[in-house]
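Worksheet: one structure, shown below.
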Amino acid sequence: QDSVYVPLFTYRTGPFAGSGTHIADGMHDYLRMLNERDGGIGGVKLVLEECETGYDTKKGVECYESVKGKNPVIVNPWSTGITLPLIPRASVDKIPILSMAYGLSASARGDIFPWVFNPPATYWDGLSMIVKYIGEKEGGLEKLKGKKIGFLHLDAAFGKEPVPLLQELAKDIGFEVALYPVAAQDMQNQSSQWLSARRDRPDYMIMWGWGSMNGAAVKEAVRSGYPMDKFYSVWWPGEDDARAGGAGAKGFKMLNWHAVGTNFPAIQDIQKHVVDKGLSKASKDKVGELLYNRGVYNSLLIAEGIAQAQKVTGKKVVTGEDVRRGMENIKLDPARLKELGLEGFTDQLVLSCSDHNGHRAAFMQEWDGTKWVKISNPIEPMTDRVKGQLEAAAKDYAEKNAGWPKRTEACDKAS
Amino acid sequence: MLYREAGQFKTNYVADSAIFPLRQDRIGLGLIIIAAYALAFLGNSFLLQAVMIPFLVFSLASIGLNILTGYTGLLSLGTGAFMGVGAYACYKLMTAFPEVNVIVWIFVSGFFSAAIGALFGLPSLRIKGFYLAVATLAAQFFLQWCFIRIPWLVNYNVSGALDAPLRTLFGTPIMGPNATPQTRYLVVLTIVILLTWLASNLVHGRIGRMWIAIRDMDLAAELMGIRPLQTKLLAFAVSSYYCGVAGALLVFLWYGGAEYDVFNINQSFFILFMVIIGGLGSLIGSFFGAALIFILPIVLGIVLPAIMSPFGISVGADVIEHLRFMIVGALIIFFLIVEPHGLARLWQIGKQKLLVWPFPY
Amino acid sequence: MDILYKIFIEPFVFMGEAPDLLIQTLWEGLVSGVLYALIALGFVLIFKASGVFNFAQGIMVVFAALTLVGLYEKGVPAFLALILAVLVMLVLAVVVERVVLRPLVNQPDIILFMATFGLTYFLIGFGELIFGGNPKEMITDALFLPQGTTELDMLGGMVRFQHLDIAAAVIASIMIGLLAVFFSKTRIGRALRAVADSHKAALSVGISLNQIWVIVWFAAGIVALVAGIMWGARSGVSFSLQIIALKALPVLILGGFTSIPGAIIGGLIIGVGEKIGEFYWGPLVGGGVETWLAYVIALLFLLYRPQGLFGEKIIERI
Amino acid sequence: MSSAVQMQPQATQTVLTVNNIEVVYDHVILVLKGVSLNVPKGGIVALLGANGAGKTTTLKAISNLLRAERGEVTKGSIEFNGERVDKLSPNELVRRGCIQVLEGRHCFGHLTIEENLLTGAFTRKDGNAAIRRDIEAIYEYFPRLKQRRTSMAGYTSGGEQQMCAIGRAMMSKPSMILLDEPSMGLAPQIVEEIFEIVRKLNATEGVSFLLAEQNTNMALKYATYGYILETGRVVMDGPAQMLRENEDVKEFYLGVSEGDRKSFRAVKSYKRRKRWLA
Amino acid sequence: MRAPDNPVFAKGDVLLAVENVSLGFGGVKALTDVSFDIRKSEIRAIIGPNGAGKTSMLNCINGFYYPTEGRITFKGVKRPKMRPYEAARGGIARTFQNVALFKSMSTLDNIMAGRSIKMHSNFFWQLFRHGPAMKEEVEHRRFVEEIIDFLEIQHIRKTPVGRLPYGLQKRVELGRALAMEPELLLLDEPMAGMNLEEKEDMSRFILEVNQQYGTTIALIEHDMGVVMDLSDRVVVLEYGRKIADGTPSEVKGDQRVIDAYLGVAH
Ligand SMILES: Nc1ncnc2c1ncn2[C@@H]1O[C@H](COP(=O)(O)OP(=O)(O)OP(=O)(O)O)[C@@H](O)[C@H]1O
Ligand SMILES: Nc1ncnc2c1ncn2[C@@H]1O[C@H](COP(=O)(O)OP(=O)(O)OP(=O)(O)O)[C@@H](O)[C@H]1O
Ligand SMILES: [Mg+2]
Ligand SMILES: [Mg+2]
């Protein structure tokens, strides 16, 4: 029996289920579609198993331990809190970790974290893109001088990660930063933050939130009359979050790096082979929504990692170690995307031995009251600035973790 | 028939006031300890890593809280934060003085949480019962806030998280990515056994009696010359010490890296429930409680799909999770109804029945 | 010196400079206070009647709101759904009494507290099983809750009053008033206090604990439903709403566990206190003080009055 | 409860029959080892016995309060007015007219004395006026309570609480009262007062009493029949008159052996032996 | 048991003097201008109707209440406002009207807990239950066993006291107070709820404590027989005021006492 085991860590329960469910559906359905349509990848069936984490670190670690014995080819923790404890384990257990655009930003460095992947962009990339976009709208980054940018963030490692970069940019460019931390237990109760925003009158507001914090923020912004076209977010809010703000939420903007909608052969295959056959948990109208497609993107990377692994090793049934190599060989260029039935779904992504992230561009999209509309071309991150942060962080991590294992895994291609 | 008190006479007070006066109990305990050590070599990594290590860590934290809530009767919802203090202190200490063995720092870190615990225990002189819980909640939220806000605590890590550097004992890694589950389990087990032994000495001696006196009837205790404030603060300090050590073990020997979030209010509740369901004022109950609250859901997670699949019902991970919640909730209520004084009391009644077996009374 | 100035002078100067913001802050504080009080009220009812510290109150709020919205989504007309939701809370009350409280009569408070934790777990699992974990929107329109904002030009600025918030304040005040009268003026009210005092003695004088508990849990269920509607309209209906119940704790403690007026006054003090604190003093330490400020305020009050503002005196007699 | 209902045809009928009950606490502690007793309609029956004999347990078994203390009647049956009551809840029993005054006060500490009395009338349906009247009657019995009517019961003195507990039970207008150590902690003249009340209620309203009492002297003076309990068994029973004259009872419970009361100072430490234990 | 040796206070000296003590709670006056004294090694009874303020008087003596007016002198020193544990450490022990034992502890542990103030081994040794800690434990255990023997409660040594019948609980409570080796022992209705046989036993214990160790005893009791037989002097309170003070026979004959307290037939 030829098969590879792909565990999916999901959270359809708990306080973050609102986001988690759609992502889980997208992840599952894409891989399921490959099974149904193609009989798996390269003729090998995928054994899919969900493990419910509830976004709880304790349960996530438990999930990891329980799937570990079944030779998973890759693990997606879907929570920064869960990713952190898994990072040191991955290298010992030889299981690659895919923390797609979350987790430890420093893990973009393949030479130090050979087992961790966080494509297509880090949070630092994301922040730099938003600042860049705002700057362009103002007519050049230097025009931001004297402006005030509010930063509404979850008061946790995830939300605070971009702060140093933001402050550095503020110093260089000359804008002012106002921080609005939101504690996890106050996610749904943000009136103080928005009151403070009324006091400080920031010219722009950037949000780094997750789960119900996003929806509540949109609501509060509308409530307190903040101009929505000045309100930007990193890539985590979904349609539900924007919808929460009602008509007033029009103009709310966020970064994204993949398409929404179902206008792709692969996604239509999902509908045909999975959703219509009742093999999915998703309701039909949710297919193609932002977070659903985010899940699809995640699975696309998994599938591609496996496919590449099969290619480089020549084996059909690959292992975690092979998939790690496969991931380092990912090259999702337009041609490949077209082959996969996802032409135009996303920008190209190339990972390598040293670069586990890609630092890809994202684009800005705007809520028009009913759906997301792409409003910009791809925005490249400010690589020069982000690199510095990244280098320092990775070095710092390795230094503080004296005894952090040196990369011993060979590289498949020069980077 | 093996379990009998008859024929075991105590000829001096030392023997009579032993913690396990019954020979069979002592033998049983010895066997359990041997089995626990043997498990390191028999158990697979899932058992050690996902079940036993956290179970022991939570048991230790429960012992800590039990000293405060179970023995002294002071309700605390700050356990999570006190565990956090231990973890952060341990992190600072071991990164600042890497040359000193980390085991030392694990024990020392407890003192920091003891100090903080005693500080937040001050209002307990005036405030009682559920009202006291708020004082400790203030500690919980305030400390948690400090954990996020003071980057110095994590040595300015950008990730804002604690990570476990490589540390060795006798040349074997016990912490960090290269430490095997076996070694970590052995370290945790030894620390937990040692601290449990010390706790049991304390609660069976003069100090333990003073704590229980305060719990059972604080006014009478005071009228007998027991200083309430000192006694309560001591309970806070000792309790927080245990929680602190448990916190350090939690992060560095179990997770191997964690965010401040693992020390949130849910952690506090989690431990409190272990203490209550296990049995307030019982050390062995702390272990039972940790087992029920921590291990039971894991077992259910494994067992539920297995019992459902033969019936052709294949259910998603989420449904399993929902059922798991429902069953754990129902079982908690069930156990409380069967024996409100916790599993420890159930155990005791079982032993009493065994003593008089085959007669019912 | 500078720091002293920042702590003791600057915030007040700022208050004077921008009175509109002060008014807005106070208003926001009052509104949150009322909403906290609504949750706290559910706790108080149950504590008053049985001495049970009901950990499940938070999940009851979620559960009630989800039932309402869930039924509506299934096509049940809004007001019928409301009635059905009330009935569901009644069923819940009966079941809780039968299954949890009755067998645990006369047990220590902390044991009952633990049992409500079991209940919480059960309700989380059950609720998610039925309604799924997805957040839902509260059916504000269908229930004819007012929406929109009134903006008043005053004091050199603009102050915004949400109609929904005004409605919340009015509804909460009416409920609290009704409950206060019900419990202080009726025979049941006295029986409640007796039960909370001692289950055993209450049993011995023939008070039917079963009946009382059903009544009270039902009342708490209705309060939970109202709280769920109000909070839901504000921030959506999802399981993360149960975290908010934690906010009721300092309110309870400040007002006293057993006092209905205490819940509302405690709520207002906490609501206003934390908003003012966060708004004017929060920035000094990087914000986010709201998470613990409420508890510290409550703690300071407690040091002065260990039974809360209106709680029943803790009897110390030997 | 109107007394007319109780004045049913058979005057010698028993109100309460306890039939060979066994009680276990906490699943393992066997306390009552087969206790049987009868209370005739309109009778005052005393339940005597040393500390720990099981008097309180017997009363609680009857009033069904045992379950609240994790005790259980494992054998035997209890009938009240001819009906099995072992499975009833305590409040249903109170509605049927049988109420217990708990040993050791148990007032509602946070309620005032008057509110305590009012809760006693919880099961009554005969309107406020009647309840007020009865409260006044109780204040007449215990003037001390009237003075303290607005104080929280938790702060009143031990004796005041005892009066409050007794008054509270009387407020439910029961047809049968289980009195557990009513005289404990009361001043001598109040003790007499209480027994007078018992006699009066018994005579005028036909209330039956089961009286657990250490003050044997008093109890046997007012009771019509008595049971003596030792370590969970009835060791002796008979009409009060007969018990009063029994030598053992005289020596161990009444303190009058050979006709004279001996001084507490004169007691010597010697092991005495009850004849019925021989 | 050792008798507390106190050279300054010989039998018959005033050990404790209560002077013009008043105590009020809001509107309620529990005590009004009460003065009396307790002499070394005597048994002093306090009697009076319910709610007269007897318990409150004891509460003042051991620091649980602080009199609103007046003063209390113990061993010749005027007492400052103090916490109850300080009074206890000064040598005043008591039992309670509503038994206040540590319910979940065994009889032995309850009495051992009464020894807490006499035990001093430090935390470190306690941790290891060795060395001085164990030595001390055994030494005090011996003392406690003496008390247990004395009170004839050997058979319930290891029973949790919450399960004991009321009368035995009172006895354990006496044991716990004795364990403190007090100079002044306050007993609040030690014989309530006991039958005659048990009262006789209890009387014997009280007398023996008093005679053998010279412990001063203040006793509240409603059983007049006991009071008359045991006490050396009696003070009678009514409505918070002292209405009589003297030997049992004097008090017994006092008309005010008969009216207020004894009723007729005594
Ligand atoms: N809740 C309980 N758990 C365990 N044992 C109990 C409990 N209550 C009472 N007992 C035991 O039952 C026995 C009888 O107690 P009970 O209170 O009925 O005696 P009693 O005759 O009323 O004594 P007293 O005169 O002191 O009130 C005692 O030995 C006591 O230890
Ligand atoms: N803390 C308090 N607050 C209010 N009133 C109190 C307090 N303590 C005592 N009292 C009142 O003071 C009076 C005297 O009470 P105390 O307990 O001293 O009486 P007692 O003489 O011991 O009576 P008994 O014989 O009934 O025990 C009582 O009326 C009581 O209600
Ligand atoms: Mg009794
Ligand atoms: Mg008294």
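What you see is a predicted model, and the numbers here were worked out from it, not measured in a lab. Residue numbers begin at 1 in each chain, while the letters A, B, ... track the order of the sequences.
No side-chain heavy atom of D:Y25 sits less than 4.5 Å from a side-chain heavy atom of E:R163. Inter-residue side-chain proximity for E:H222 and D:V191 is flagged as unmet; no heavy-atom pair is nearer than 4.5 Å.
With a 4.5 angstrom heavy-atom cutoff, D:E103 touches chain E only via side-chain atoms. When heavy atoms are compared at a cutoff of 4.5 Å, E:L230 approaches chain D by way of both its backbone and its side chain. Residue D:Q147 touches chain E through its side chain alone, counting heavy-atom pairs closer than 4.5 Å. Heavy atoms closer than 4.5 Å to chain D are found in both the backbone and the side chain of E:K199. Looking at D:L186, the atoms closer than 4.5 Å to chain E (heavy atoms on both sides) sit in the backbone and in the side chain alike.
Within 6.0 Å of CZ on D:R149 lie more than 12 heavy atoms contributed by other residues, nucleotides or ligands. No more than 12 heavy atoms of other residues, nucleotides or ligands sit less than 6.0 Å from atom NZ of E:K103. D:E136 CD: more than 12 foreign heavy atoms inside a 6.0 Å radius.
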Please step through side chain to side chain contact (heavy atoms under 4.5 Å, CB included) for the pair D:M184 and E:Y166, ending with a clear verdict. CA-CA 11 Å; D:M184 180 161 64; E:Y166 194 79; 3.4 Å; yes
Is there a side chain to side chain contact (heavy atoms under 4.5 Å, CB included) between E:E198 and D:Q214? Walk through the geometry before answering. CA-CA 10 Å; E:E198 291 151 350; D:Q214 297 281 20; 4.1 Å; yes
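Rounded to the nearest 0.5 angstrom, E:I258 CD1 and D:Q189 CD are separated by 12.0 Å. Rounding to the nearest 0.5 angstrom, the gap separating the CZ atom in E:R171 from the CG atom in D:N51 is 8.0 Å.
The two residues D:G185 and E:A192 have their closest heavy-atom pair at N-CB, 4.1 Å. Across all their heavy atoms, D:S157 and E:G51 have their closest contact at OG-N, 3.2 Å. E:M224 approaches D:P188 most closely through the heavy-atom pair CG-CG, 4.1 Å.
Between chain D and the residues E:N98, E:T55, E:L164, the largest count of heavy-atom pairs under 4.5 Å involves E:N98.
Between the side chain of E:N50 and the backbone N or O of D:E160 there is no donor-acceptor pair closer than 3.5 Å.
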